[in-house]
Structure formats: structure tokens, C-alpha cells
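For reference, the structure discussed in these notes is given below.
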Amino acid sequence: MSTYLCYISIQQDRPTRSSLEVLTRMRELARRDGVPLAACVLHPDAERFIEALKPYGVDRIYLVQHAALAQHLNAPVLAALEAVFQAAQPAVMAFPSTEAIKDVLGALAARVSAAALPDVASFEVTPTVTVTRPVMAARVLADTEAAAQPVLISVRAGAYHAQPAETATDPEVVAVPFDFDASVLRATLREVLTGATDQVDLSEADIIVAAGRGVRDEAGKQLVETLARELGAAVGASRAAIEAGLFPASLQIGQTGKVVSPTLYIAVGISGAIQHVAGMAGSKVIVAINKDPDAPIFNIATYGIVGDLYQILPLLIEEVRRIKAGS
Ligand SMILES: Cc1cc2nc3c(=O)[nH]c(=O)nc-3n(C[C@H](O)[C@H](O)[C@H](O)COP(=O)(O)OP(=O)(O)OC[C@H]3O[C@@H](n4cnc5c(N)ncnc54)[C@H](O)[C@@H]3O)c2cc1C
């Protein structure tokens with residue numbers, strides 16, 4: 001019987017939220033279709049993550065354990081994914097849509113003769129696989145159908161909610177034989193430079209406070225960062241705020257930056273240009289703070305505050321602190 005297989009990415013020693021979101025959706029489809037639900041973990045110490053997956057109702061877990069998988073390098077990851085695919089023979093294999101997966105999805109599809117549908121906002125199996133993908137800077141939603149199986153899909157963060165199953169499972173564990181000769185590597189990863197280690201990761205964040213050109217100086221930047229810290233949120237930025245030199249390029253949200261869909265997106269001094277909206281339109285609740293009542297961001301905002309961010313942010317920070325203190 002065919003299998004629905006979900007790739008689980010590991011970050012900071014645990015399955016990422018975006019992986020668990022995809023796994024939850026795959027479980028819903030697998031239960032409905034009476035198909036086994038499988039997950040796979042690629043990690044030098046993959047066994048450690050079995051416990052974390054049990055509550056999600058998986059029937060089988062494929063593990064690839066190898067030192068070459070300690071950091072993301074395309075060659076070993078691709079070889080390991082191919083080994084898992086051959087072992088599981090899934091009808092559908094789904095991934096969270098991350099930079100790392102973007103790097104390997106097409107190559108994997110070519111190796112295993114599958115269709116690849118990247119960066120989808122939703123997907124269905126009927127039994128053909130149909131997906132909805134935002135295209136043209138999210139101005140248009142394209143419905144696409146794969147003509148045959150197997151199909152590889154990568155799913156945007158926030159497209160589904162991660163939820164444990166009603167009953168946990170005791171999954172069958174399959175150790176996938178894997179050998180990799182590191183001497184064939186033509187590139188090695190020497191160092192990963194992160195902007196700020198104490199900040200919440202943008203693509204995993206439940207709340208994002210994003211700064212635009214309206215945040216014009218260090219004082220404004222500090223207000224944005226303070227609000228984010230108080231809310232346990234990640235900081236993001238528009239391209240204009242990055243070009244002004246206030247935020248690193250890794251924080252850019254939009255067509256040429258990261259695509260995010262947190263539960264709460266607070267846009268501070270952002271006009272709502274289509275290229276920015278392409279990266280955040282999937283947010284559940286959007287709060288816009290802008291001094292221009294006609295700013296296009298208000299067209300997609302759930303709540304709008306018209307006013308000067310330098311006056312509004314201190315009030316918001318104070319209120320959040322008051323609520324947190326329970327007074
Ligand atoms: C090919 C291409 C790709 C692009 N990719 C991206 C991308 O990935 N991400 C991205 O963000 N942009 C991208 N852009 C740029 C995009 O077109 C916009 O220029 C950019 O998003 C504007 O950023 P902004 O809203 O911060 O600045 P602006 O459009 O200048 O808006 C600033 C806003 O701040 C408000 N404001 C000013 N002062 C205050 C204050 N004191 N209090 C409150 N509000 C205030 C203003 O009313 C205004 O609405 C791209 C452009 C191109 C051509």
C-alpha cells in the first residue's frame with residue numbers, strides 16, 4: 001500500500017514547527033485515505049527524535065543517521081533523501097518549504113522520477129495531487145494538478161496548524177542503510193553566521209514585528225526590537241528598512257526575501273508594497289501601524305493604527321509589560 005511520507009527538519013535540537021504543520025496535514029489525509037503515515041529524520045543522532053514524533057500519530061519513522069548530516073550540505077542530504085524515498089516508495093512526500101529544501105527538491109524529483117510542486121499554500125490528494133500556489137508575487141493563486149504519482153510537495157510555513165493526534169502511536173522504526181564518502185564533497189560548510197543568536201527564527205516565529213522605512217533611526221529600531229522581545233516575537237524588515245542599513249538582509253520579508261505566515265504580524269511603518277505583501281499575506285492576523293491612513297497595508301490589515309510609530313510603540317510596549325506583569 002502506498003505511503004504518505006513527511007520530511008521532518010530538525011533545528012535547535014527539535015523538529016521544526018513547519019515540519020509538524022506538514023505532518024499534521026499529512027496525517028489528516030492518511031487517516032481519511034486509509035494510508036500509512038510515515039516520517040523521516042536525517043540527523044547524526046536521528047533516533048533522539050522518535051519520541052517527539054509519537055504524539056503526531058506516525059505509523060513508521062525512517063531514520064538516516066550519519067555524521068555527514070550534521071549540517072546541511074546538498075550532496076549528503078540529497079543522497080539520504082533518495083535512500084529514504086527508495087525505502088518508503090511513497091505516493092506523496094511532503095516537506096516544509098525551507099531554503100534548504102528549495103536547494104534539493106528539484107534534484108530529488110529528477111533522481112526518483114517524481115513530480116515536484118514547490119512552495120504550496122495548500123494541497124489535497126483526490127487521489128491525484130492538487131495544490132494551490134501563490135504566484136506572480138502572490139497576486140495570483142494558481143491551482144496545479146500533478147498528472148501522475150509519486151509527487152514531492154514543499155509547503156509554506158503557517159499553511160496548516162501543527163496539532164498532536166488524538167492518540168499517540170508506537171511507530172515502526174526503519175533504519176535506512178546509508179553510506180556517504182565525504183571525500184567526494186566539492187564544498188564543505190565551514191561556518192554558519194547568524195545575525196543574532198538570541199532572536200527568534202523568522203520562518204519558525206508565531207509572532208513577527210516587522211519594520212519598514214518609517215523606522216528611520218536607531219531609536220526606532222530599538223522600539224521595534226523591544227516590542228518583539230516583550231512579545232517573544234521575531235524581528236523582520238521590508239527591503240527599504242534593510243537598504244537604509246538598519247537591519248541585516250537576512251531579515252527581509254517579501255518576494256525576494258522570506259515568506260512567512262505567523263499567527264500575528266505587526267507591520268510598523270511599512271506601506272504595503274506588493275513585493276512586501278507577497279511575503280506576509282498569509283499571516284493570520286495583521287496589525288498595521290502607519291501615519292498615512294491611505295497606506296495600502298491597511299487594505300490587508302486585520303487591525304490598523306493610524307499614527308506615528310514613535311508615539312505608538314512605547315504605548316504598546318508599556319501595555320504588553322503591564323499585561324505580562326498581571327496588573
Ligand atoms: C523586484 C523587486 C523585488 C522586491 N522585493 C522586496 C521584498 O522582498 N521585500 C520588500 O519589503 N520589498 C521589496 N521590494 C521593494 C518594494 O517595492 C518596496 O519598495 C518596499 O517594500 C517598501 O518598503 P517600506 O514599506 O518599508 O517603505 P515605504 O514604501 O517607503 O513605506 C514607508 C511607510 O512608512 C510610513 N511612515 C513613515 N514614517 C512613519 C512614522 N513615523 N510612523 C508611522 N508610519 C510612518 C509611511 O507612511 C509609509 O507608508 C522589491 C522591489 C522590486 C522592484
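Counting starts at 1 for both ligands and their atoms, in listed order. Hydrogens, waters and symmetry mates are skipped; everything else that's a heavy atom, side chains included, is used.
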Among all protein heavy atoms, pick the one closest to atom 33 (C) of ligand 1 and tell me residue, atom and distance. G269 O, 3.3 Å
Considering the heavy atoms of I253, write down every atom of ligand 1 situated less than 4.0 Å from one of them. 7 (C), 8 (O), 9 (N), 10 (C), 11 (O)
For atom 6 (C) of ligand 1, what's the nearest protein heavy-atom neighbour? Residue, atom name and distance, please. T256 OG1, 3.4 Å
Polar atom proximity, A237 to ligand 1 (N or O, under 3.5 Å): no
Any R133 side-chain heavy atom under 4.5 Å of L141 side chain: no
Would you mind checking which non-hydrogen protein atom is closest to atom 3 (C) of ligand 1, with the distance to 0.1 Å? R239 NH1, 3.4 Å
Short list, please: which atoms of ligand 1 are under 4.0 Å from a heavy atom of H276? 10 (C), 11 (O), 21 (O)
Could you tell me whether R27 sits above the aromatic face of Y56, with NZ or CZ closer than 6.0 angstrom to the six-membered ring centre and within 45 degrees of the axis? no
So does R31 have more than 12 non-hydrogen atoms from other groups sitting under 6.0 Å from CZ? yes
Y310 N/O under 3.5 Å from ligand 1 N/O: no
Any salt bridge linking E51 with K54? Criterion: basic side-chain nitrogen under 4.0 Å from a carboxylate oxygen. yes
A student checking ligand 1 against A273 at a 4.0 Å heavy-atom cut-off should list atoms 16 (C), 17 (O), 18 (C), 21 (O)
Lys/Arg N to Asp/Glu carboxylate O, R156 vs E21, below 4.0 Å: no
For the residue pair D59 / Y4, report whether a side-chain donor-acceptor contact shorter than 3.5 Å exists. no
Ligand-side contact atoms (ligand 1) for residue partner G257, heavy atom cut-off under 4.0 Å: 8 (O)
Atoms of ligand 1 under 4.0 Å from any heavy atom of G307, numbered from 1 in the order shown, are 42 (N), 43 (C)
Could you tell me, atom by atom, which parts of ligand 1 come under 4.0 Å of a heavy atom of D308? 40 (C), 41 (N), 42 (N)
In the protein, what heavy atom is nearest to atom 31 (O) of ligand 1, and what distance, to one decimal place, separates them? S271 CB, 3.3 Å
Can you list the atoms of ligand 1 that are under 4.0 Å from a heavy atom of Q255? 7 (C), 8 (O)
Indicate the ring-plane relationship of Y265 and H276, choosing parallel, tilted or perpendicular according to the 30° and 60° boundaries. tilted
Any Q252 side-chain heavy atom under 4.5 Å of S238 side chain: no
Please state whether the rings of H43 and F49 are parallel, tilted or perpendicular, taking 30° and 60° as the class boundaries. perpendicular
Give the residue, atom name and distance (to 0.1 Å) of the protein heavy atom nearest atom 7 (C) of ligand 1. Q252 NE2, 3.0 Å
Closest approach of any protein heavy atom to atom 22 (C) of ligand 1, naming residue and atom: A240 CB, 3.9 Å
Give a yes or no on whether a salt bridge exists between D119 and K102, defined as a side-chain N under 4.0 angstrom from a carboxylate O. no
Among all protein non-hydrogen atoms, which one is nearest to atom 30 (O) of ligand 1, and what is the separation to 0.1 Å? R213 NE, 2.6 Å
Does a side-chain heavy-atom distance below 4.5 Å link L223 with P314? yes
Determine if the distance from atom 1 (C) of ligand 1 to the closest protein heavy atom is below 4.0 Å. no
Quick one: which ligand 1 atoms are inside 4.0 Å of a heavy atom on G212? 26 (O)
Scan side-chain atoms only and decide if E145 and T128 contain a donor-acceptor pair under the 3.5 Å cut-off. yes
To check your reading of the model: name the closest protein heavy atom to atom 44 (N) of ligand 1, its residue, and the distance in Å. K291 N, 3.2 Å
